[in-house]
Amino acid sequence: MKNVFLEGEQHHVFSWDKLGNIKEGRGDLGETMPVLVYRLLEYSMNHVLAEEFGVEKADELFRKAGYKAGCEFAKNELDLSQDVNGLFAQLQKVLREMRIGILRVEQMIEKEHAIVLTVAEDLDCSGLPLTNEVVCHFDEGFIGGILETYTHKPYVVRETDCWASGDRVCRFRCVENE
């Protein structure tokens, strides 16, 4: 059996095709799993990265991973040829169908080249205990990757409100990074 992660010179490069055929591979169990399993992976990985490199570096690495995932997600799951309203409508639908979260465009601030988004029932944090911090760094990168893939302009995305900080939605400020 060939290992797709060790093929050729690009064995370490993530791309959508390396996710495989989930329907074929999980014929009995299907494509869904409990959120708990996802969070086991995410938070154990975050813990190890923070121990090895420090919290700031761990957050940066999660943003980078989210960014890569967001770029691939946008290219493979979204119609990037539509106008911005169509894109956000489709993104809302896909995120809900995939049970990632319930997206809402709260504000489009044209003069600042900024967008404020909220995500309710966020896969990463909804239901976490109160820690008075924002924790959705993967989501920051994920949203940034989607926006950059669509606009061809880089975005800095930062979470301003989070379930873990006491809010009931995650709020992200997305600013074009000129």
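Remember, it's a predicted structure, so these values are computed and weren't measured experimentally. Index from 1, following the sequence.
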Would you say Leu147 and Ile115 make side-chain contact, with heavy atoms under 4.5 Å? yes

Neighbour count above 12 (heavy atom, 6.0 Å) for [X] [atom1]:
| X | atom1 | value |
| --- | --- | --- |
| Arg26 | CZ | yes |
| Glu56 | CD | no |
| Glu24 | CD | no |
| Lys64 | NZ | no |
| Arg96 | CZ | no |
| Glu121 | CD | no |

Report yes or no: does [X] contribute a side-chain atom to a donor-acceptor pair with the main-chain N or O of [Y] at less than 3.5 Å?
| X | Y | value |
| --- | --- | --- |
| Glu159 | Cys136 | yes |
| Ser165 | Asp161 | no |
| Asp79 | Ser81 | yes |
| Tyr67 | Glu148 | no |

Check the pair Glu112 / Arg173 against side chain to side chain contact (heavy atoms under 4.5 Å, CB included), numbers first and verdict last. CA-CA 11 Å; Glu112 296 177 28; Arg173 182 169 173 79; 2.5 Å; yes

Glu60/Arg63 under salt bridge (charged side-chain N to carboxylate O under 4.0 Å, His left out): CA gap, chis, key distance, verdict: CA-CA 5 Å; Glu60 177 189 336; Arg63 274 187 208 100; over 6 Å; no

For Glu106, enumerate each residue passing the salt bridge (Lys or Arg N to Asp or Glu O under 4.0 Å) test, keeping only those at least two apart in sequence or located in another chain.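 Applying salt bridge (Lys or Arg N to Asp or Glu O under 4.0 Å) to Glu106 gives Arg104, Arg171.
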
For Phe73, ring pair (Phe, Tyr, Trp, His ring centres under 6.0 Å) partners two or more places apart: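 Partners of Phe73 under the ring pair (Phe, Tyr, Trp, His ring centres under 6.0 Å) test: Phe142.
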
Are Tyr155 and Leu80 connected, step by step, through hydrophobic side chains (Ile, Leu, Val, Met, Phe, Trp, Tyr) whose heavy atoms are closer than 4.5 Å?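 Yes, it is one cluster - the side chains of Tyr155 and Leu80 are joined through contacts under 4.5 Å.
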
Could I get the full list of side chain to side chain contact (heavy atoms under 4.5 Å, CB included) partners for Glu42, not counting sequence neighbours? Tyr38, Phe62, Asp124, Phe138

Please step through side chain to side chain contact (heavy atoms under 4.5 Å, CB included) for the pair Asp139 and Val119, ending with a clear verdict. CA-CA 10 Å; Asp139 290 356; Val119 180; 5.7 Å; no

